[in-house]
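In what follows, a single structure is set out as structure tokens and then discussed.
Both ligands and their constituent atoms are indexed starting at 1 by order of listing.
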Amino acid sequence: MKFYSLNNPDLQASFKEAVIAGIAPDKGLYFPDSITPLPADFFKNIEQLSNHEIAFKAIHQFVNEDIPNAVLKEIIANTLDFDFPVVPMEENVATLELFHGPTMAFKDVGARFMANCLGYFSQGEKQDVTVLVATSGDTGGAVANGFLGVEGVKVVILYPSGKVSDIQEKQLTTLGQNIEAMEVDGTFDDCQRMVKSAFLDKEITDHKKLTSANSINVARWLPQLFYFLFAYKQAKSNGKEIVFSVPSGNFGNICAGMVAQKLGMPVKHFVASTNVNDVVPKFMENGIYEPVPSKATISNAMDVGDPSNFIRIQHLYQGNLETLRENLSSYSFSDEETREAMKKIHAQSGYVMDPHGAVGYLGLKEYQKDYPDTYGIFLETAHPVKFLDVVEHTLGLSPEIPPQIQKVMGREKKSHLIKTYEDLKAFLLATA
Ligand SMILES: *Cc1c(COP(=O)(O)O)cnc(C)c1O
């Protein structure tokens, strides 16, 4: 199996090459040239498999011969050492909690898997790989944690000064070792622009092997398909058709779910739930894809105006909107609706949803208006404590701070304050 660039199918790469490069030389996203369904037995007997066995069988064809089986098993064991419970919420509604990892964001799995793969590929290489990543909050912490101490890999994280939460800032500025935090006097868009400029800057790329740790990287994108298989394993016995509602920003997570479906997992339908950044809901309605600048919301990890992975979803459906509509619905919700949902669920059951999970819940309920007899699972992508201000303000309560978060809160912040791209460039060249 090979990966090819979505801009040009003749531009091919192995898994290893795709992971190291991040993006194809023509700036296209890499896509697997085949997705071979798993044997029917796999789904029939999935309850008897451990999460590690499920993950290995599901990811093996994509990794191919590039990582020996024993090493791949070790990588999976390092990546998946926490739980992914499906928690019943209402009749025919449950949530898949993806926040039990080290930084309490669902990005932990992709970040750890990619870090381990890159660490393996860097063994015996003379030159370090530098992972350059811009974050609006959650990605930075997950990447910092996943890559900490990985030999042969340096990580440089750009974040907008004063625009991430205290917890998020601590998670990405206090680890030290091979992790550097660049605090940018600007917005998230400025951070992203600087990262893009660095990738195109020959003075830097002649000296340094740069790669990205966003979900465009196949090693961060594909392992997200594990979640859907773990949920299926837990929900299968109730016998109803399953619907997944995924709170979506860059659409990497939901697209990985669709790959799980291509592997043969029975799913009735996907719902892409967004905040008011509604490029995809609009596209599903009128067939016109129109990127716009992102708007700030309380579910800020989904404030994306031009979702990078949506092109992969369109490719899965050969650009056919009608067949895509049969399998995907997409709805957008305001901050007010999101807060109302958080309040309703809390009053009903005492469960505290984070704003992203709440958007997922709303999308599921919208779909189930027409299909009430389905079993709906919405993904909870972050622990409520990661969005403490919103939760406190909406529900009037303070969730208890879990130990893995408490641990970083007491540590000392270390960051490099920068203003312009030239500042970043000087830093990268000085550390060549
Ligand atoms: C990144 C993120 C999302 C969006 O995931 P995509 O794969 O970009 O669609 C949703 N919720 C949280 C909490 C996130 O951190």
Side-chain angles (χ1 to χ4, degrees), residues 29 95-111 113-114 133-146 159 164-165 167-168 171-172 188 192 212-228 244-260 270-275 277-281 294 297-313 328 330-333 338 342 352-363 378-391 405:
L29 267 63
T95 182
L96 170 63
E97 292 184 347
L98 298 179
F99 55 68
H100 296 281
T103 76
M104 317 214 84
F106 87 95
K107 294 184 171 74
D108 279 328
V109 164
F113 188 84
M114 179 183 163
V133 67
T135 182
S136 59
D138 265 10
T139 301
V143 166
N145 194 281
Y159 73 98
V164 303
S165 76
I167 289 174
Q168 288 172 331
Q171 284 183 323
L172 61 95
F188 170 64
Q192 209 154 27
S212 94
N214 301 105
S215 52
I216 55 170
N217 194 302
V218 294
R220 240 204 78 189
W221 167 52
L222 285 171
Q224 301 177 120
L225 66 85
F226 301 157
Y227 307 138
F228 298 84
F244 284 105
S245 172
V246 186
S248 296
N250 267 319
F251 285 68
N253 200 8
I254 191 166
C255 186
M258 291 173 164
V259 174
F270 286 94
V271 179
S273 304
T274 75
N275 56 33
N277 292 283
D278 60 355
V279 181
V280 172
S294 62
T297 74
I298 57 169
S299 48
N300 63 22
M302 310 197 294
D303 294 352
V304 180
D306 185 6
S308 49
N309 283 287
F310 193 62
I311 186 162
R312 283 184 168 137
I313 293 181
L328 175 75
S330 191
Y331 309 111
S332 141
F333 300 95
T338 306
M342 290 167 69
V352 178
M353 295 193 294
D354 101 291
H356 303 77
V359 169
Y361 169 77
L362 285 167
F378 68 95
L379 277 53
E380 241 306 0
T381 45
H383 191 285
V385 82
K386 296 291 294 285
F387 298 90
L388 201 57
D389 293 356
V390 181
V391 172
I405 302 286

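In this structure, Phe310 and Val279 have side chains that are not in contact, with every pair of non-hydrogen atoms separated by 4.5 Å or more. Using a 4.5 Å cut-off on side-chain heavy atoms (C-beta onward), Thr297 and Thr338 make no contact.
Note: Phe387 and His356 have tilted aromatic rings, judged against thresholds of 30 and 60 degrees for the angle between ring planes.
Between the side chain of Thr381 and the main chain of Phe106, no donor-acceptor pair closer than 3.5 Å is present.
Counting only residues at least two apart or on different chains, no salt bridge (charged side-chain N to carboxylate O under 4.0 Å, His left out) pair has a member in residues 301-310.
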Report each N/O pair between ligand 1 and the protein that falls under 3.5 Å, naming both atoms.
from, atom 1, to, atom 2, distance (Å)
ligand 1, 7 (O), Gly252, N, 3.3
ligand 1, 7 (O), Asn253, N, 3.0
ligand 1, 8 (O), Asn250, N, 2.8
ligand 1, 9 (O), Gly249, N, 2.8
ligand 1, 9 (O), Asn250, N, 3.3
ligand 1, 9 (O), Phe251, N, 2.9
ligand 1, 11 (N), Thr381, OG1, 2.8
ligand 1, 15 (O), Lys107, NZ, 2.5
ligand 1, 15 (O), Asp138, OD2, 3.3

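Ion pair Asp354/Lys386 not flagged as a salt bridge, since none of the NZ, NE, NH1 or NH2 atoms sits closer than 4.0 Å to an Asp/Glu carboxylate oxygen.
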